[in-house]
Student: 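I have a structure here, written as structure tokens, and I will follow up with some questions on it.
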Amino acid sequence: MQLLKPHWVSHDGLPIFCIDIHPDNSRFVTGGQGSDSGRVVIWNFDTVLNEDSEFDENIPKMLCQIDSHLACVNCVRWSNSGKYLASGGDDKLVMIWSFAKYPQGNNAVFSSKGKVNVETWRCTSTLRGHSGDVLDMAWSPQDMWLATASVDNTIIIWDAMKLPEIVTVLKGHTGLVKGVTWDPIGKYLSSQSEDKSLRIWRTVDWQTEIVITEPYEKCGTTVGLRHDWSPDGQYLVSAHAMNNLGPTARIIERDGWKYDKDYVGHRKAVNCIRFSNNIVRRQTKKSNKDLQMCVCALGSRDNSVSVWLTGFQRPIVVMEKLFSGPVLDLTWSTVGHHLLACSFDGTVALLKFSENELGRTISKQEKDSLYEKVYGTSVIGHRQSNALIIENPNLEKLVDDEVKPETKDLLVDEKPKSTSTPVKTPLPVNNKQVEIRTSDGRRRITPICVAPAPDIGLNPTPFKAGSVAAAPFSSSSEEKSRIVVEKREDIIVQPNVTSNCVSNAVVKVDDTHVGSSKKNNKESPNPHVSNSVFPSVLNHKSWKRSLESSLTAVAAKQPRFTDPLELQQLPADKQLPVICGDITQTNIVLPPMQMEKRSIILVPGNRKACLTNDSTAGMRGIIAKVRLTSQESDLWEHAFGASIIGCVANSDVIVVTLDNRNLYIIETATGKHSLPPLVLPAKASHLMLNNTFLLCITCTGVFSVWNIVNFKVVLSEKSLSPILSSTQGVVVTKSLISDEGMPMLALSNGKSYTFSADLGTWLLLGDNTDTVVCHSLQKMRQNIFRTNDRVESRLPLHSLQTQSFSYNNHSRLLQNPEMSALCTYTFLEQQISASLVLKSAQEFRHWLLTMVQFLLQQGEPRRLRSICEELLGPCYKNAKDPGCILGLPKRQLLKDVLAEISNNAHAQRLYTEFSEQLSYVEEET
């Protein structure tokens, strides 16, 4: 064994609290206190191992110094892949760092004496979730999760694939959590706290497996409680335990969680434990056979380090008084022969072992076979989507037999898609610039964007002797430009030079803009709501404002609409009407329906309604016609004394509304008028007709619904004023009618409503501007669009929300993942309740299963259990069937829910429980 203490590995004499070796053994990182902030330093490991490299001036010792933490750094850990570095400190933050290929700016370390960063590491994620100092952290075996322990008594599990998303927050400790570690197959997570307990958590459901307190009842406080699992997963060695008032490191066996063995010998508390990741084979004195063992190092407050083999009762080496302060952290190289230790005194020590001292390291294949034999699974050599043990054999069979397809549309039954991966055609690279000339002889070159090479997210290359630091991006370090400039002498454009004679500009106003209002007034059959008076008045005011601005030497502007407040200043003869009845007063103005001079409306039964508005005008006005044809033969024809502005039809009737506010209902088969014309309070703005009901919205924001089968009113002259306001420029973009005759509207402001006759009020179905909706998860919101237009009539909620919900929602997720998850849960609850109100069974099932998927993702067993219990109903002999929801049997819905749960191993126990209960109930009935 060799002992080295590189004096140049230092934080300017300040404490070093943590240390970790990179998986490729080329670097190691230290974290601790800086001069005025937390400090993370990445060092060249080769200069510690090799004396020649240490004294070679051309080989840098320090690769990068990071002073981004606002307070002391307590823990640094490389990911198992070596791609990321995590650091956590007293500033309550966890920062994720990634190697950057191209450094930016000056590489000199700020406020240092000549230090230069050879490498650049950039922060790719900042994790904010803890309310106290971050004391320890650990990456899961396959880098799926990152666990962080804090002074706030909690452990946060972060989704390392989707940072900064939180998987769950583990609560149970009543004291500072000072240590956290994973077992090698990812089935358990253990944490040790100052509350004198060690907890083991199941990663299946994130619940407590066992709490061990007896070995720690007489322990005091210590700086750290960094414990560790053996690489074979059979032993967990905990820090700072007591045995007969003597400090020990307690050994906890995986089999039955027994803890009757200790590592003894240190005179003061054990602060940290670190197992080598390798499993070795070595002979013992009692047996000539090679036994598999694990190598474990202990660091103590007595300033010493001891190294143990799990097959021996005594340590193989003890380094007493190695430091002048407590040992705070330990780390092994992946080779397994190098051990680094750091101390509160600000120094680092290296212990180099030989194979004869530790034993022969087994190969990865042997290690893989060991996992297969002991645990039935392997975590070596491949990345699993879930490193959990499947306990239910039925569930395991489902997982093995069923290839999980891509997320399919729950709203529309689609044909099976090909399993082949579509080949994405790369976008063409534009490497040509076009040079043209302006009329004054100047060159104009259209710029193009040249995408840089990938910068961050790359694995750092091993830094060895002779390596050269990455150079900044420049023409000398990268390949030469391939941009070609094409000169086009045949194109001459005018230069966009602003004229300097604005003060002499004269704006001409055409008098026809003002006078046209009188002419249009005479032609309008309705003196109250004119199709031209209102715009002409606005244009007149707008042109007047432009004329005034030009006289003040301001550039003339385009006409714009006047402020809605100016409408109060209109003359009395041009003011908007006030509709009276069972509705309140309103000043809503909606655009009237419009039709071309000649239009064709398709009628069910291969028929067409031909509308004509340019017939020969009579002595008292124009005459419009509607003619129904079938296969080029005329069935009937009608004439009207005003222009047709709207028409809708079904297989039984044709509804025609005119410019004079009359509405006609004509039988399709015979051409008879079902009723005399209905007189509307204003021109029609929207018409919607289904097989039973007719919805009409007028330009003044009043709507009515009639039953056209038995000719009865459903809703009479109700107002849109609670949901529509003319001062905001909001209009109706879509209108539908439910099977019960209730109107459903989508507005241009991103909101959709339905009217409830039972409650006598409007119900909000969707709001794209709602903060809760904007901050819900994008994936959950996009479920709305997975359908096609052919099923629109069966999906009223979808039909309305495709009008109001936007793909390009520029909102960002909240920095607080818990609040973002809460917003998503609230949004899904709103979708489920809206589906129930609209009595849309297919959409209710879709959003129920979407809610289940979200709860599985968030790890919410309590809410999932509540859903399953409601759908299962009473579970005893001769129990009544729980019934249906919108015609869907509850227990069939439960089967669909369990099918979703079966795809998630974390909820396998919930799946097993309710599957068995459902089978029992079905057998009894």
Side-chain angles (χ1 to χ4, degrees), residues 20-28 45 49 77-84 138-145 160-161 181-189 203 228-237 253-255 273-284 287-297 307-312 316 331-339 352-391 396 399-400 459-462 464 905:
D20 201 30
I21 299 177
H22 193 275
D24 66 6
N25 300 314
S26 64
R27 303 162 175 82
F28 69 94
F45 197 23
L49 298 176
R77 291 291 183 263
W78 297 103
S79 63
N80 295 287
S81 64
K83 186 175 181 180
Y84 299 108
W139 296 87
S140 67
Q142 296 296 319
D143 288 343
M144 291 176 55
W145 303 306
M161 309 291 186
T181 183
W182 302 85
D183 84 317
I185 64 170
K187 185 177 181 180
Y188 296 110
L189 171 73
T203 58
D228 200 12
W229 287 85
S230 61
D232 58 7
Q234 295 301 306
Y235 304 103
L236 172 64
V237 180
E253 298 183 41
R254 188 191 192 100
D255 185 12
I273 292 101
R274 197 70 174 265
F275 272 95
S276 170
N277 193 44
N278 296 325
I279 302 175
V280 299
R281 287 184 178 275
R282 182 169 171 172
Q283 292 182 354
T284 62
S287 174
N288 294 327
K289 295 182 179 179
D290 284 346
L291 300 180
Q292 289 184 352
M293 303 182 187
C294 300
V295 185
C296 179
V307 180
W308 303 72
L309 286 172
T310 53
F312 292 170
I316 60 174
T331 179
W332 289 90
S333 65
T334 54
V335 179
H337 296 158
H338 305 136
L339 172 66
K352 297 176 65 175
F353 298 92
S354 64
E355 184 174 299
N356 293 331
E357 294 170 327
L358 297 181
R360 180 184 65 84
T361 302
I362 67 173
S363 64
K364 289 186 177 180
Q365 290 74 17
E366 291 177 299
K367 194 174 181 180
D368 194 8
S369 300
L370 175 64
Y371 285 125
E372 291 281 359
K373 180 180 179 180
V374 177
Y375 303 108
T377 184
S378 169
V379 293
I380 305 298
H382 61 87
R383 189 183 191 91
Q384 298 177 344
S385 61
N386 197 334
L388 302 176
I389 305 299
I390 304 300
E391 301 174 357
E396 185 175 8
V399 176
D400 293 338
N459 277 322
T461 56
K464 297 180 180 179

Student: What distance do R27 atom CZ and W78 atom CH2 have between them, rounded to the nearest 0.5 Å?
Tutor: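 One gets 6.5 Å once the value is rounded to the nearest 0.5 Å.
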
Student: Please answer whether the main-chain N or O of N80 pairs with a side-chain N or O of D143 as donor and acceptor at a distance below 3.5 Å.
Tutor: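 Checking the backbone N and O of N80 against the side chain of D143, a donor-acceptor pair under 3.5 Å is found.
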
Student: Which heavy atom of N25 sits nearest to which heavy atom of T334, and what is that distance?
Tutor: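 In terms of heavy atoms, the two residues are closest at ND2-OG1, 2.7 Å.
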
Student: What's the shortest heavy-atom distance between I279 and M293, and which atoms?
Tutor: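 That would be CG2-O, 3.4 Å.
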
Student: Once side-chain hydrogen bond (donor to acceptor under 3.5 Å, both in side chains) is applied, do any residues pair with E355, and if so which ones, sequence neighbours excluded?
Tutor: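 side-chain hydrogen bond (donor to acceptor under 3.5 Å, both in side chains) check on E355 returns nothing, list empty.
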
Student: Under the criterion side-chain contact (heavy atoms from CB on, under 4.5 Å), which of L236, I185, V237 is the partner of W229?
Tutor: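 Of all the options given, the one that passes is L236.
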
Student: Roughly how far, to the nearest 0.5 Å, is the CZ atom of R77 from the OG1 atom of T331?
Tutor: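 Reported to 0.5 Å precision, the distance equals 7.0 Å.
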
Student: Out of curiosity, E357 CD to K352 NZ, how far, rounded to the nearest 0.5 Å?
Tutor: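 Those atoms lie 11.5 Å apart.
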
Student: Please tell me if the side chains of V295 and W332 come closer than 4.5 Å, counting only heavy atoms from C-beta onward.
Tutor: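 Side chain of V295 against side chain of W332, heavy atoms only: contact under 4.5 Å found.
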
Student: May I ask you to decide whether R254 forms a salt bridge with D232, counting only side-chain N to carboxylate O separations under 4.0 Å?
Tutor: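 Looking at D232 together with R254, the answer is no, because their closest N to O distance does not fall below 4.0 Å.
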
Student: Any heavy-atom pair between the side chains of R281 and I362 that's under 4.5 Å?
Tutor: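 Touching, per the 4.5 Å side-chain cut-off.
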
Student: Looking only at heavy atoms, what is the nearest atom pair of G336 and S276, with distance?
Tutor: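 Heavy-atom minimum between the residues: CA-OG, 3.8 Å.
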
Student: What distance separates Q142 CD from M161 CE, expressed to the nearest 0.5 Å?
Tutor: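 CE of M161 is found 8.5 Å from CD of Q142.
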
Student: Taking the side chain as C-beta and beyond, is there a heavy-atom pair between S81 and W139 under 4.5 Å?
Tutor: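 The answer is no; the side chains never approach within 4.5 Å.
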
Student: Taking side chain as C-beta onward, heavy atoms only, is V280 less than 4.5 Å from L309?
Tutor: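 SC-SC contact between V280 and L309 confirmed.
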
Student: Kindly say whether V335 contributes a backbone atom to a donor-acceptor pair with the side chain of N278 at under 3.5 angstrom?
Tutor: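 The answer is yes, because a donor-acceptor pair under 3.5 Å joins these two groups.
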
Student: Compare all side-chain heavy atoms of H337 with those of T361 and state whether any distance is below 4.5 angstrom.
Tutor: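 Counting from C-beta outward, H337 and T361 do come under 4.5 Å.
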
Student: Could you report the tightest heavy-atom contact between F275 and D228, atom names first, then the distance?
Tutor: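 In terms of heavy atoms, the two residues are closest at N-OD2, 2.8 Å.
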
Student: Can you confirm whether T203 sits close enough to D183 that some side-chain heavy atom of one is under 4.5 Å from a side-chain heavy atom of the other?
Tutor: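 Answer no - side chains too far apart.
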
Student: Find out whether H22 and F45 are in side-chain contact, i.e. whether some heavy atom of one side chain is under 4.5 Å from a heavy atom of the other.
Tutor: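 The answer is no, as the side chains (C-beta and beyond) never meet within the 4.5 Å cut-off.
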
Student: Less than 4.5 Å apart, any side-chain heavy atom of L339 and any of V307?
Tutor: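 In short, these two side chains touch, coming nearer than 4.5 Å.
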
Student: Rounded to the nearest 0.5 Å, what separation is found between the CG atom of D255 and the CD atom of Q234?
Tutor: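 Answer rounded to 0.5 Å: 7.5 Å.
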
Student: Specify the closest pair of heavy atoms between G186 and W145, including all atoms of both residues, with the distance to one decimal.
Tutor: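 In terms of heavy atoms, the two residues are closest at O-CZ3, 4.4 Å.
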
Student: Nearest heavy-atom pair of W182 and S140: which atoms, and what distance?
Tutor: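 What the structure gives for the nearest pair is NE1-N, 3.5 Å.
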
